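What you see is a predicted model, and the numbers here were worked out from it, not measured in a lab. Quick note: numbers below take in every heavy atom, side chains included, and nothing from hydrogens, waters or symmetry partners.
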Amino acid sequence: MAAGFGKTLLKVIAIILVIVFLLVAGFYFYYLFTRDDSTEYISSDYLMYIKVDSIKDLYDNLIDLRAAEIILANEQLAALNKTLLEYKSKDLAKNFFFRNLLEIRTDIILDRNYAPVLILDPKFKSMITRLVPLFTSLVQLENLELEKLSSGSIKMTYNQQFELYFYFQKNLIFLAMNENQMISLLKNHEEDNHIYGDKELARLKKEVRRDGIAEIYLNSEELLKIASNSFTEANLILDEIQPSQKASLSLNLSNTDLFLSAFTNFSTDNQQLKDFASYKSGKLGVLNYLPDSTNIYTSINFKSFKDFYEIFLYFQGEKYDELIEKVNKWAKIAVKMDIEELIFSWIGSELGLFNLNTNSDPVIFLNISNKKAIDNVLAKLDASLFLDTDSTWTYEDVVLKKITFPGVIQLIVDSLTKGFDTPYYLIKDDYLFLSMNPQNLVEVENKSNTKEILARLDDYKMTTKYSPDNANIFLYYDLATAVPKFLDTNNLITDLLKLYEKGVVTLNFSENKIKVDIAAYGENVNKTKLFPGFPKKVPEGLESKVISTNILGSSINEFLYITKKDKLWLCDINNHPLSGFPIDVPAKSEIIPPNQEKKSQYIQIYSNNGQVNRYDFKGKTVAPFPVETGIKKFFIPVFYKNQLVFYNKDEKKINLMASNGQVTQIDYLLKTPLLAQPGVFQDNLLIAPKDFSGKVIMIDQEGKEGDGWPREGGGISYCSPVITNFNWQKNTYIVFLTQAGILNLWDTNGVAPKGFPVKLAGVYYADPVVGNLVGNKQKEVVTLDQKGKISIVNVAGEVIMEKQLEQINKESRLILFDLNRDRIDEIFIYGGSNNIIGLDNQLEILPGFPVKGSFQPYFTNINSDAYYEMVVGSFDSNIYAYTLNK
């Protein structure tokens, strides 16, 4: 009986499996016969069409890639950028299983307004997505609203700000920024206005690389516009060509690797350009001679130097025949040679220059096609004294001579490069090298002999692995030591390239085809750089520092500041004002920084005339504010036991304001004015009134002095007492610095440890700061005098390091921050000028500093990556954000 039950069970399982197989097969065949091709919805009038085989790769790049931040920094993508920054901070963003669900083919279309539309093809998984519209009304998620529209689209609103539109059509999912884009896609399909079966597109597809994250097809005019803006030197040539309507690109991006390959056909009526473009370049032979210290190298390949120089002069606006006639007249008289013998007879197919990282003097190189011809030229120049044999220079057995370019010959040299009047020269095999610095030529000779050349470096091989080695024009650069002129601009392509340390640009042309390959490799060692999308302009000018913190409780920071027109602004990360802002505030108002011990539910300001006002995050005044305290502003109030601290000059006492606006007074009479912010220690206030003894007082809320207090600091001071734990234990100390440089240290009982006070030379207005600069278990004190002397003092009272800085004055202030979480602080100096100075713990300038900025900086992590950003307002009416890494 058991055996019979087992057979029955097996039959049931087999039947179930057959049914499941038939269902899956049925669904699969249904999918095959009902699926649509995404290209049937894409109009041929696209600005850009991007084909992505897997959205997972694209998603990974958007989440982790710093280049994505540059791309999304466009103002038109501000809402998308903000949403992405919020999303990146959530756990779901990097969830392994979620990311692997995104193996979906995607097409991205950009219209003429740069508004993106996405068409997703989940393929067989679309059998599930087809059911999504049926359950739209059941979906309820925090900050997410779904609404089905009459057009069939689904409108998604995230956080009441970012809107996205969906449409489900068979196996395809459409995503757009507005409903009209969706309607336009469907209209393309109905009217057969699409790229499906487009022959030109099929031809372009043959030219793109298949190993990138995306294939890109775009309007050629737009491609040339990008090239024109990025490489202005090419504009003269670009004006002479007529591109075909479409162009193709292939793109690959990672945090250490980039390549971009662009192709288009062209035509031209310029016969000189036609002749020049008919030459197919050979391999770059000069690579065997470039020293490994080369940081910029460019080469041009041509059929003959005569052809090259003729077209070069054409684009310089000069007439070839007139110049050649002048040269010939001089050459026949002076050296008994014409231009053909003197120059054209021996120059081969390569010309270029390079720089070494040891100096700024370039080296020009020329390929020699006829050794006998150049030997004959040099002999005649020597006989005519244009070869300076008296200036022969020998170093490490390398013999160099100088050559003089007289008269009209100098015109030819000057038209190619400046500063070559009497260079040294070296002939090495089939190449002539010229430089004003003889040491460069010695390095070429010696390193080519020992094979210590650029082409053998692993970084060079990695950078050029995607680039052809037979380019008509070839450019290599290393940003670690030099920035090429074409990168000294601000546009999308150059900003992307600056992320990487090394790069190569190649141009190939033949007959009617142009191909440009751009590759970059290695993380740029200049770690301090502007965060994409910054600076943000504040047209009214900044009156206060920019507070950059998580004010609203979201996952990304907001900006809070007051402008010169007395308006309070609360803005999102794109510097777009939030609803209810800006607000008119009294003149000379300051923002009271939020209470660090309690999450703030409002914004508070304090004006010069003593008014305190409080606003909620919708810009509404919170009752019972505003409160007229009648207390003139001497310092920005600090929080003490959840109350604001003020100094009442008329009554010579400290006033406290509770959160309900009620003002009380501490019963302690101050004989001299209090100008500096008090320090807060537990239930006590540390106050330093302005008197000649430098008195520091500890009192509680009842006005009772602490045991061992007051203490005298030894002179008048403009600094606040600084409360700190000096040795990572619970022992608390008070640091106090006088104007004359007397550095005091007391414990909470007013007892000075051994070694204190310390007398520092200079005049001091900046509060000292305390942090870990050495890396042991003890902290150190950092001081800055008004003339720029910075000092580090340890807990034993020893000055362990000092340095003199420039651009410092009495308004300059100090702040410490640990950039790379190694428990060693970096030092930042701000105020007094439009420069922020960054120093490491050895008082060396951090890479990329100084940077623009005037007010106190705020350190944050805008994009949830491994690097901190520094946000700072500036006298030049900008908000700057810099990505920092030590």
Side-chain angles (χ1 to χ4, degrees), residues 233 281 284-291 293-302 304-313 316 323 327 339 342-371 373-374 377-378 381 386-388 391 393 398-448 453-455 471-478 482 484-486:
E233 294 85 352
S281 171
L284 307 175
V286 77
L287 284 172
N288 295 316
Y289 305 95
L290 300 185
S293 56
T294 301
N295 57 18
I296 295 180
Y297 150 57
T298 184
S299 175
I300 301 173
N301 280 251
F302 37 74
S304 73
F305 181 71
K306 184 177 182 179
D307 291 341
F308 163 75
Y309 195 63
E310 186 172 355
I311 199 166
F312 177 82
L313 287 178
Q316 295 295 316
L323 182 61
V327 174
I339 187 71
L342 184 62
I343 296 177
F344 299 145
S345 67
W346 58 271
I347 297 180
S349 58
E350 281 182 68
L351 163 70
L353 60 83
F354 58 90
N355 280 81
L356 306 183
N357 58 28
T358 52
N359 61 75
S360 60
D361 294 308
V363 179
I364 289 181
F365 65 87
L366 295 159
N367 174 235
I368 300 171
S369 61
N370 189 326
K371 291 291 289 291
I374 191 173
V377 169
L378 292 174
L381 289 176
F386 289 121
L387 203 63
D388 194 351
S391 298
W393 192 82
V398 180
V399 179
L400 303 173
K401 293 181 181 180
K402 275 191 173 183
I403 188 168
T404 302
F405 300 127
V408 251
I409 294 294
Q410 189 68 48
L411 292 176
I412 296 179
V413 177
D414 287 343
S415 67
L416 297 171
T417 185
K418 302 295 182 184
F420 269 70
D421 49 0
T422 53
Y424 291 91
Y425 75 90
L426 168 72
I427 294 178
K428 183 73 175 172
D429 298 331
D430 293 331
Y431 288 88
L432 170 67
F433 299 91
L434 304 105
S435 179
M436 298 300 294
N437 189 331
Q439 186 61 51
N440 288 338
L441 302 183
V442 171
E443 196 160 346
V444 170
E445 172 70 29
N446 292 337
K447 292 207 168 184
S448 61
I453 56 175
L454 179 68
N472 296 96
I473 299 176
F474 187 98
L475 170 65
Y476 167 82
Y477 61 88
D478 181 353
K485 184 180 178 182
F486 82 94

Q) Among Y477, Y289, F474, Y476, which one satisfies ring-ring contact (aromatic ring centres under 6.0 Å, His included) with Y297? A) F474
Can you tell me how far the [atom1] atom of [X] sits from the [atom2] atom of [Y], to the nearest 0.5 Å?
| X | Y | atom1 | atom2 | value |
| --- | --- | --- | --- | --- |
| I364 | N440 | CD1 | CG | 12.0 Å |
| L351 | F302 | CG | CZ | 5.0 Å |
| I347 | L366 | CD1 | CG | 5.0 Å |
| L290 | N355 | CG | CG | 11.5 Å |
| K401 | L441 | NZ | CG | 14.5 Å |

Q. Which residues pass the side-chain contact (heavy atoms from CB on, under 4.5 Å) test with P291, sequence neighbours left out?
A. S293, T294, F354, L356, E443, V444, K447
Q) Who pairs with S369 by side-chain contact (heavy atoms from CB on, under 4.5 Å), at least two apart in sequence or on another chain? A) none
Between [X] and [Y], is there a donor-acceptor pair closer than 3.5 Å when you use the side chain of the first and the backbone of the second?
| X | Y | value |
| --- | --- | --- |
| N359 | N437 | no |
| N295 | D478 | no |
| Y431 | F365 | no |

Nearest non-hydrogen partners of [X] and [Y], listed with the distance:
| X | Y | value |
| --- | --- | --- |
| N370 | S345 | CB-O, 3.6 Å |
| S448 | I453 | CA-CG2, 4.1 Å |
| D430 | N367 | O-ND2, 3.1 Å |
| L475 | T298 | CD1-CB, 3.9 Å |
| E350 | S299 | OE1-OG, 3.9 Å |
| P362 | S435 | O-OG, 3.2 Å |

Q. Do the side chains of F433 and L400 get nearer than 4.5 Å, heavy atoms only?
A. no
Q: Given side chain to side chain contact (heavy atoms under 4.5 Å, CB included), test D429 with N288 step by step and report yes or no.
A: CA-CA 11 Å; D429 298 331; N288 295 316; over 6 Å; no
